[in-house]
Protein chains: 2
Amino acid sequence: MPAELRPSQALRLWHDVIFDLVRSDQPDLSARQQAVLLTVYLEPPPHTVRALARKLDVTKPAITRALDTMGRLGLLTRKRDEADRRNVVVQRTLEGALAVERLGDTIVARHRELPL
Amino acid sequence: MPAELRPSQALRLWHDVIFDLVRSDQPDLSARQQAVLLTVYLEPPPHTVRALARKLDVTKPAITRALDTMGRLGLLTRKRDEADRRNVVVQRTLEGALAVERLGDTIVARHRELPL
DNA sequence: GATGATCGTTTCGGAACCGAACTGTTACGC
DNA sequence: GCGTAACAGTTCGGTTCCGAAACGATCATC
């Protein structure tokens, strides 16, 4: 636990990071898409469509669409599970990893700039 | 500046908060809508459509639509500026203030739970 | 090998959103 | 007064997203 954070500081941090996301020319992802992306990159694999849908409490087509969009953006890829060919496992990509890394850096930077 | 935050912790925090937002039954706002809402509630007034558009580097219709949606949700209201009747000033609402406050609490809570 | 369950995807009508261009209103310089 | 600039909102065609339902493919069971 890295020291306390006051609500006003928390909101300021959120605002500043969202602000950077909106202003950046990177395609802006919806909350759901961000949730999927970060889950894939932070939680241990494997990640299937069904598991993601249940975890985020959204419908399966919503996950499929999110994967479509982010796949088009090169942020992740899909691959048939050869062990059980009904499953599709979501895989990370270099580009996706870089995007996530950039987000992390943005948060850290904005956090560092928070006023007392 | 409330103590350093490592990139892995920053991403975990972002993931956890986004996760809560997606799972909550509250209407999920896009990044732009969040940016508008937080700007209105954190930055000193007055907030006009044009100023918000320029600040976030998006088009005016995008701001108008965001205000339509969030107005429908009761998160903020519009009012003609009587001094200069061309302007519309965005005003805060009780419900919006509560929503922002909830977000702040969520961030603080998730931050408190961060692993070392 | 037929049956039923479990995958991810597709389809469907409806809703929200996008930027460019335009409209109507108001303020200001001349 | 008159013309111009600035403002918010609206219109337009096209894109994206939504959940419910249906779909085909695959596995497990008997």
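Within every chain, numbering begins at 1; the chains are lettered A, B, ... in the order of the sequence lines, protein sequences first and strands thereafter.
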To the nearest angstrom, how far is [X] atom [atom1] from [N] atom [atom2]?
X     : N      : atom1 : atom2 : value
A:L76 : C:dG8  : CG    : P     : 15 Å
B:L52 : D:dG9  : CG    : C1'   : 15 Å
A:L73 : D:dT16 : CG    : C1'   : 12 Å
A:R50 : C:dT9  : CZ    : C1'   : 14 Å
A:L56 : D:dC18 : CG    : P     : 12 Å
A:E82 : D:dA25 : CD    : P     : 17 Å
A:D84 : C:dG8  : CG    : C1'   : 11 Å
B:K79 : D:dA8  : NZ    : C1'   : 16 Å

Can you tell which of C:dG8, C:dT9, D:dT26 lies closest to the side chain of A:N87?
-> C:dG8
Apply side-chain contact (heavy atoms from CB on, under 4.5 Å) to B:P46 and list each qualifying residue two or more places apart in sequence or on a separate chain.
-> B:V89
Kindly determine whether A:H47 and A:K55 satisfy side chain to side chain contact (heavy atoms under 4.5 Å, CB included), including the steps that lead there.
-> CA-CA 10 Å; A:H47 299 284; A:K55 191 174 176 60; over 6 Å; no
Between [X] and [N], is there a side-chain N or O to OP1/OP2 distance below 4.0 Å?
X     : N      : result
A:R86 : D:dC27 : no
A:T48 : C:dG8  : yes
B:R80 : C:dT25 : no
A:T64 : C:dT9  : yes

Candidate pair A:R6 and B:V108, rule side chain to side chain contact (heavy atoms under 4.5 Å, CB included), full reasoning = CA-CA 7 Å; A:R6 277 180 282 109; B:V108 169; over 6 Å; no
Pick base, sugar-phosphate or nothing for B:A83, based on heavy-atom distances below 4.0 Å to the nucleic acid.
-> sugar-phosphate
In a check of salt bridge (charged side-chain N to carboxylate O under 4.0 Å, His left out) between A:E82 and each of A:R86, A:R80, A:R85, which one passes?
-> A:R85
For A:K60 and A:D81, take the nucleotide of DNA chain D holding the closest heavy atom to each; which residue's nucleotide lies nearer the 5' end?
-> A:K60
Counting distance only, does the side-chain N/O of A:T93 pair as donor-acceptor with the main-chain N or O of A:G74 below 3.5 Å?
-> yes
Looking only at heavy atoms, which two atoms of B:L75 and B:Y41 are closest? And how far apart?
-> O-OH, 2.7 Å
Electrostatic pair A:R78:A:D68 at N-O distance under 4.0 angstrom | yes
Check: protein-nucleotides 16-18 of chain C nitrogen or oxygen pairs below 3.5 Å:
residue : atom : partner : partner atom : Å
C:dC17  : OP1  : B:Q33   : NE2          : 2.8
C:dC17  : OP2  : B:T69   : OG1          : 2.9
C:dC18  : OP1  : B:R32   : NH1          : 3.0
C:dC18  : OP2  : B:R65   : NE           : 3.3

